[in-house]
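Here is the structure we will look at.
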Amino acid sequence: MRYWLFKSEPSAWSWDQMKAAGGNPTEWTGVRNYLARNNMRAMRLGDLGFFYHSNEGLAVVGIVEVAALAHADSTADNPTWECVDIRAVAAMPTPVALSAIKANPKLAAMALVANSRLSVQPVTQAEWAEVCAMGGYAS
DNA sequence: GCCAACGTTGGC
DNA sequence: GCCAACGTTGGC
């Protein structure tokens, strides 16, 4: 089991929209970055991820699960680009703000802090446990 | 709205 | 294959 973080601008695709899918898988389309794509290729069914709101919100707001392995991104005109499907698992009881993550020395190496422009990031098990604890989510 | 950081493009 | 120019992301 590995852990990930999916970043989205709420104006483009929000946690509310994710939840509205009612646990049905939705395609995580639109990634046009090789590192992010490679992270999606490494995902396995059942891997869990944080759902993070960038630009507005700036917080981890939910938990998602990988529901389909990487496949061609139907919104891309180039087969280079792939996406996975994810489904909403649970809302973070207390959203974990970026400011709180930055203020936590245990999370200093998190990609969210160290490489803030990467839209699909790996999360270590220790980071996963720490952020879940901060948000009151029993992982 | 600004700007720093980063990825990509394209000329050489 | 280098690197300058450019575009985009995303925090502030």
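Below, read A as the first sequence line, B as the second, and so on, with proteins coming before strands; counting in each chain starts at 1.
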Sorted by chain and number, sequence neighbours left out, ring-ring contact (aromatic ring centres under 6.0 Å, His included) with A:W128 holds for A:Y3, A:F50

Rounded to whole Å, CG of A:L118 lies from C1' of C:dG10 at a distance of 13 Å

Quick note, salt bridge (charged side-chain N to carboxylate O under 4.0 Å, His left out) partners involving residues 91-101 of chain A, not counting sequence neighbours, are none

Exercise for review: Taking atom types as modelled, find out whether A:S14 and A:D16 have a side-chain donor-acceptor pair closer than 3.5 angstrom.
Suggested key: no

With sequence neighbours left out, the residues meeting side-chain hydrogen bond (donor to acceptor under 3.5 Å, both in side chains) with A:R87 are A:E65

Atom CE of A:M110 and atom P of C:dG11 are separated, to the nearest Å, by 12 Å

message: Can you confirm if the aromatic rings of A:F51 and A:W28 lie within a centre distance of less than 6.0 Å?
response: yes

Rounded to whole Å, CD of A:E9 lies from C1' of C:dG11 at a distance of 12 Å

Under 3.5 Å: donor-acceptor pair, side chain of A:K102, backbone of A:V113: no

Protein heavy-atom contacts under 4.0 Å, written 5' to 3' over nucleotides 4-9 of chain B as B (base), S (sugar-phosphate only) or - (none), form the string -BBSS-

What about A:Y34 and A:W81, are their ring centers closer than 6.0 Å? yes

- Message: Has A:D73 got a side-chain atom pairing as donor or acceptor with A:C83's backbone, closer than 3.5 angstrom?
- Response: no

Review point. With a 3.5 Å cut-off and no angle check, do the side chains of A:R32 and A:S119 form a donor-acceptor pair?
Key: no

Residues in residues 49-56 of chain A with a heavy atom under 4.0 Å of DNA chain C, by number, are A:Y52, A:S54, A:N55

Contact check, residues 70-77 of chain A vs DNA chain C, heavy-atom distance under 4.0 Å, returns none

Requested in this report: Could you tell me whether a side-chain N or O of A:R37 sits under 3.5 Å from a main-chain N or O of A:T80, the two making a donor and an acceptor?
Outcome: yes

Requested in this report: Determine: side-chain N/O of A:K7 to OP1/OP2 of C:dG11, distance under 4.0 Å, yes or no.
Outcome: no

